[in-house]
Amino acid sequence: MSQVRVRFAPSPTGFLHIGGVRTALFNWLFARQQGGIFVLRIEDTDQSRSTDESIQAIIEGMKWVGLDWDEGPFRQTERKDLYCQHAMKLLETGHAYWCVCKAEELEARRKEAEAKGLSPRYDGRCRNLGIASPTEDAALRFKAPQEGQIVVDDLIKGKITFDTSAADDLIILRSNGYPTYNFSVVVDDALMCITHVVRGDDHLTNTPRQIPIFEALGFPVPQFGHLPMILGSDKARLSKRHGATSIMAYKDMGYLPEAMVNYLVRLGWSHGDQELFTRRELIEKFSWKHVQSSAAVFNPDKLLWINAEYIKSSSPSEVAEALVPLLNAAGLQEQVRTVSKEWLAQVVVLVKERTKTLVDMVEWVKPYFGQEAIYEVEAAKKFLSPMTAPLLQKLLTRFEAFPRFSKQAWEESFKKLVEEEGIKMGALAQPVRVALTGRTASPGLFEVMEVLGRDRTLYRLQKGVERASGG
RNA sequence: GUCCCCAUCGUCUAGCCUGGCCUAGGACAUUGCCCUUUCAAGGCAGUAACACGGGUUCAAAUCCCGUUGGGGACACCA
């Protein structure tokens with residue numbers, strides 16, 4: 001069997017959409033599993049809507065989620081000659097004809113047909129005119145077969161039968177010389193020897209229009225697979241009003257690329273009850289057979305859960321590295337510069353159980369920077385009251401007696417004080433927590449002290465005493 | 001309007017192809033309990049679904065037909 005060749009072919013008319021990432025992902029997974037080739041092709045034949053920024057955004061997004069391509073990126077605008085050549089070939093072999101209908105006329109006729117409740121298709125008026133070399137602006141149309149059926153054996157949906165009589169004579173070359181989508185796709189897929197065309201569900205009805213073009217051109221017809229759409233919570237096609245749809249927006253919101261990949265692949269594909277997969281497992285276990293044929297609702301809650309799982313299970317130093325840009329974005333670049341990577345990784349370990357995104361994590365990490373604890377007003381008012389001052393002072397005195405920090409020794413000392421005072425754990429723990437972190441919620445006190453180090457712990461306790469005494 | 005696709009807990013899904021192991025499993029979310037110095041995390045338990053109607057069969061979530069509902073496509077956009 002020949003080598004598997006698949007492609008991802010976005011049009012550069014905006015950011016990279018998460019639906020696009022999922023389509024790319026399924027293709028990529030299949031290519032990697034089969035030892036095949038993954039091609040990136042930019043479909044920019046619509047010059048009015050395509051931008052270079054969008055191409056950059058696509059590349060940036062693909063890189064972020066780690067979907068590397070083996071060939072490309074190819075740009076269709078750079079392959080214009082190829083499309084013309086093949087279009088001429090169709091003209092020569094009688095599979096295409098010149099159409100001199102004006103765009104406005106076509107539009108008017110379409111509207112009219114629609115108003116009458118008819119199918120808004122081309123009436124074929126130039127089909128048999130036999131225009132050899134048009135003297136005016138003309139578009140080239142493909143002579144679509146008018147009888148019979150086209151059966152697509154879809155990788156995901158199985159056999160689908162279309163009546164050819166419903167097919168239109170598509171324009172393949174615009175009057176400005178540029179090819180249209182359905183034609184350039186076929187020429188490229190054929191020339192790039194794509195063996196499996198896997199794309200979104202919305203292209204399903206393009207398939208029976210494209211197959212005759214492959215055939216007319218004398219190219220083998222690839223296998224097709226149509227991925228179900230991603231829907232918003234209201235079951236309408238996912239769009240901005242459902243929240244962020246750009247893949248890079250998720251980076252900014254503190255999602256890990258591996259978590260995005262894991263979520264997106266599970267949205268429509270499954271392997272028994274398994275929820276979490278390493279990339280290696282994904283490549284190994286992926287199968288078209290278990291790709292769902294119905295649309296899926298995008299569930300931000302589950303994505304959040306998966307992200308939390310990845311934050312917990314990824315290596316702390318990697319998480320710390322991904323965190324740095326967000327820390328900088330939050331205005332902490334000064335503080336970040338003064339700490340070591342190792343220390344930051346240590347802080348990550350401290351907070352990773354309680355954060356679901358890296359953006360959350362920024363907030364959790366803040367108290368460990370700087371000499372001073374920054375008190376939340378309510379927290380200080382409640383726990384650093386004059387009543388607690390003597391208690392904190394007693395603890396501080398005991399801690400000061402230790403020449404070095406020891407989690408075990410300090411904790412024992414702490415518990416002993418609680419016992420002697422006949423108070424509840426929380427009566428001492430909460431004031432200490434506020435003194436150390438400025439907040440009422442934090443990781444375990446002694447883990448916090450470990451990260452802070454002896455000097456800063458003592459310093460912050462001292463400041464806590466002062467604040468509690470009414471300072 | 002025409003054509004095409006789809007239909008299991010609120011959501012993602014397992015099971016469907018190759019009917020009996022399904023009293024329909026898992027996960028997210030949600031509720032309660034446990035753990036606990038706070039917040040989490042974790043553990044345990046609970047609520048919750050085969051869209052509907054006909055067939056076929058000893059037996060249907062699974063096969064067939066219809067209905068309803070949802071989605072998509074019908075451009076000199078991609």
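Chain naming here is simple, since letters A, B, ... match the order of the sequence lines and numbering starts at 1 in each. Everything quoted here is computed from the prediction, not taken from an experiment.
Taking every side-chain heavy atom of A:Val297 into account, B:rC12 is the closest of B:rC12, B:rG25, B:rA40. The side chain of A:Asn299 lies closest to B:rC28 when the candidates are B:rC28, B:rU38, B:rA78. Distances from the side chain of A:Arg237 to the nucleotides B:rU38, B:rA73, B:rA14 place B:rA73 closest. In the set B:rG42, B:rA78, B:rU13, B:rA78 carries the atom at the smallest distance from any side-chain atom of A:Glu43. Looking at the side chain of A:Arg266, the nearest of the listed nucleotides B:rU13, B:rG42, B:rU37 is B:rU13. Distance from the side chain of A:Asp202 is smallest to B:rA73 among B:rA73, B:rC76, B:rG26. Taking the side chain of A:Leu204 as heavy atoms from C-beta on, and the options B:rG25, B:rC4, B:rC39, the nearest nucleotide is B:rC4. Set against B:rC39, B:rG70, B:rC17, the side chain of A:Lys289 has B:rC17 as its closest nucleotide. Taking the side chain of A:Thr205 as heavy atoms from C-beta on, and the options B:rA27, B:rC39, B:rA73, the nearest nucleotide is B:rA73. Of the candidate nucleotides B:rU18, B:rA29, B:rU38, B:rA29 has the atom lying nearest to any side-chain atom of A:Trp305.
Nucleotides of RNA chain B nearest to A:Phe162 and A:Asn182 differ in position, and the one nearer the 5' end is that of A:Phe162.
In this structure, A:Arg110 reaches the B:rC76 phosphate: one of its side-chain N or O atoms is under 4.0 Å from OP1 or OP2. In this model, the phosphate group of B:rU37 is not approached by any side-chain N or O of A:Lys415 to a distance below 4.0 Å at OP1 or OP2. Within the structure, every side-chain polar atom (N or O) of A:Ser175 is placed at least 4.0 Å from both OP1 and OP2 of B:rC76.
Across B:rA40 and B:rC21, the matching P atoms stand 43 Å from one another, rounded to whole Å. Comparing B:rU31 with B:rC9, their C1' atoms are spaced 15 Å from each other, to the whole Å. Nucleotides B:rU62 and B:rG1, compared at atom C1', are 35 Å apart to the nearest Å.
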